[in-house]
Amino acid sequence: MKNKKFFFEILIKWNRNENKREMPWKGEKDPYKIWISEIILQQTRVQQGLNYYNRFIKKWPTVNDLANAPEQEIYKLWEGLGYYSRCRNLITSAKYITDTLNGKFPEKYADILSLKGIGDYTAAAIASFAFNQPYAVVDGNVFRVLARVFGIETPVDSTEGKKLFKELANELLDKNNPAEYNQAIMDFGAVICKPAVPLCAECPFHERCIAYQKRTVEVLPVKEKKIKQRTRFFNYLLVEQDGNIYINQRTDKDIWQNLYEFILVETGSLVAEKEFLHSSAFTSLLGKNNFKVNRISKIYIQKLTHQTINGRFIHIKIKNSKANLKKYKLIPVRDLKNLAFPKFIASYLQD
DNA sequence: AATACGGGGGA
DNA sequence: TCCCCAGTATT
């Protein structure tokens with residue numbers, strides 16, 4: 001197939017006549033705002049990211065505002081959104097742009113790409129939306145639309161597949177109109193060529209879609225990799241002492257990096273309450289007699305992509321500081337609301 | 001090349 | 001339950 005012009009012609013026509021999708025960052029030209037929206041939307045549904053974006057832009061309208069904001073406030077706003085390294089990278093790049101680039105967002109694709117937290121997709125999105133440069137976005141929508149319309153069975157999560165789809169995407173791109181084209185193909189994937197139950201009946205590619213003709217819409221795009229799941233058991237100790245409570249900031253190479261938590265005792269399996277309270281992992285932290293267990297929650301479950309967390313919260317009051325808690329930080333209970341916690345903990349604290 | 005990284009929503 | 005979502009960084 002030499003002439004692929006039909007693709008952007010049909011797509012742009014659909015976009016201008018049928019596409020009713022509206023989002024606050026659509027048509028935005030400020031690279032800072034586009035950047036924020038794109039980072040928030042990485043692996044995140046528009047519906048989920050919408051409120052975060054609006055609060056973010058309202059609170060920090062420019063890259064300079066963001067660079068000078070207290071980090072904990074930024075994490076607090078990001079709380080519950082997940083993939084917290086995005087927030088870390090946002091902070092790093094905001095400071096870099098403000099301090100080293102004099103607050104001017106880079107315009108060259110390679111320079112945009114070099115920023116922390118920005119990969120192929122986000123660099124193409126910013127370059128095209130903000131500066132109308134001819135770089136095709138390749139996100140989950142694009143993989144799906146192209147795999148179906150062109151009947152491509154190469155797994156999209158293989159090295160070969162990523163290369164193939166990226167090349168095809170750049171061939172198909174309307175070079176004179178990259179911003180509209182990129183926006184259109186993602187809207188099209190989200191609205192018509194959806195993952196499940198796509199609207200083939202009203203699809204303008206009806207006549208040309210290979211997958212539709214071959215009845216393979218359901219199986220495309222192909223993914224080959226499966227994720228491994230593991231189950232973990234968290235016992236959180238909420239240890240209070242005269243209106244203060246012990247907390248910990250997660251720093252290990254693990255989930256929820258940089259977020260706060262309470263005193264964590266992780267066990268290899270589900271341990272009964274009574275047994276846990278007699279375990280050395282527990283008693284060695286608190287000593288034998290200077291504490292009182294006030295309440296133990298039920299087991300809460302949080303599903304992550306690679307892990308299932310089973311956890312309980314144990315409320316404890318202590319009177320003196322004999323406990324072996326030096327590695328934790330003691331803060332007033334009323335200050336908890338300023339810290340960013342994993343959703344798992346934040347939703348427990350809500351109740 | 002493979003894997004980890006959150007949380008939510010739809011079927 | 002399983003799959004997917006405006007992906008990226010690390011090993």
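Sequence lines set the chain letters: A, B, ... in the order given, protein chains first and strands last, and positions in each chain run from 1.
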Counting only side-chain nitrogens and oxygens, does A:His306 get under 4.0 Å of the OP1 or OP2 atom of B:dA4? yes

Answer with yes or no after comparing the ring centroid distance for A:Phe7 and A:Phe150 against a 6.0 Å cut-off, counting only values under it. yes

How would DNA chain B look in dot-bracket form, 5' to 3', counting Watson-Crick and G-U wobble pairs with both distances under 3.5 Å and writing | for bases paired to another strand? |||||.|||||

Going by the rule salt bridge (charged side-chain N to carboxylate O under 4.0 Å, His left out), which residues pair with A:Lys76 if we only count those two or more places apart in sequence or in a different chain? A:Glu79

Below 3.5 Å between N/O atoms, which protein atoms pair up with nucleotides 7-11 of chain B? Just atom names and distances, please.
{"residue": "B:dG7", "atom": "OP1", "partner": "A:Tyr84", "partner atom": "OH", "Å": "2.9"}
{"residue": "B:dG7", "atom": "OP1", "partner": "A:Lys343", "partner atom": "N", "Å": "2.9"}
{"residue": "B:dG7", "atom": "OP2", "partner": "A:Trp256", "partner atom": "NE1", "Å": "3.1"}
{"residue": "B:dG7", "atom": "OP2", "partner": "A:Gln302", "partner atom": "NE2", "Å": "3.4"}
{"residue": "B:dG7", "atom": "N2", "partner": "A:Gln48", "partner atom": "OE1", "Å": "3.4"}
{"residue": "B:dG8", "atom": "OP1", "partner": "A:Lys343", "partner atom": "NZ", "Å": "3.2"}
{"residue": "B:dG8", "atom": "N2", "partner": "A:Arg45", "partner atom": "NE", "Å": "3.1"}
{"residue": "B:dG8", "atom": "N2", "partner": "A:Arg45", "partner atom": "NH2", "Å": "3.2"}

If you pin A:Ser37 and A:Asn89 to their nearest nucleotides in DNA chain C, which one's is more 5'? A:Ser37

Rounding to a whole Å, what distance do you find between A:Asp254:CG and B:dA4:C1'? 10 Å

So, does A:Arg230 get its side chain near the phosphate of B:dA4, meaning an N or O under 4.0 Å from OP1 or OP2? no

So, applying ring pair (Phe, Tyr, Trp, His ring centres under 6.0 Å) with A:Tyr348, which one of A:Tyr236, A:Phe313, A:Phe341 is it? A:Phe313

Nearest-nucleotide comparison on DNA chain C, the residue closer to the 5′ end among A:Met186 and A:Lys116: A:Met186

Could you tell me whether the phosphate oxygens of C:dT10, OP1 or OP2, come under 4.0 Å of any side-chain nitrogen or oxygen in A:Lys253? no

For A:Leu41 and C:dG7, what is the distance between atoms CG and P respectively, to the nearest whole Å? 8 Å

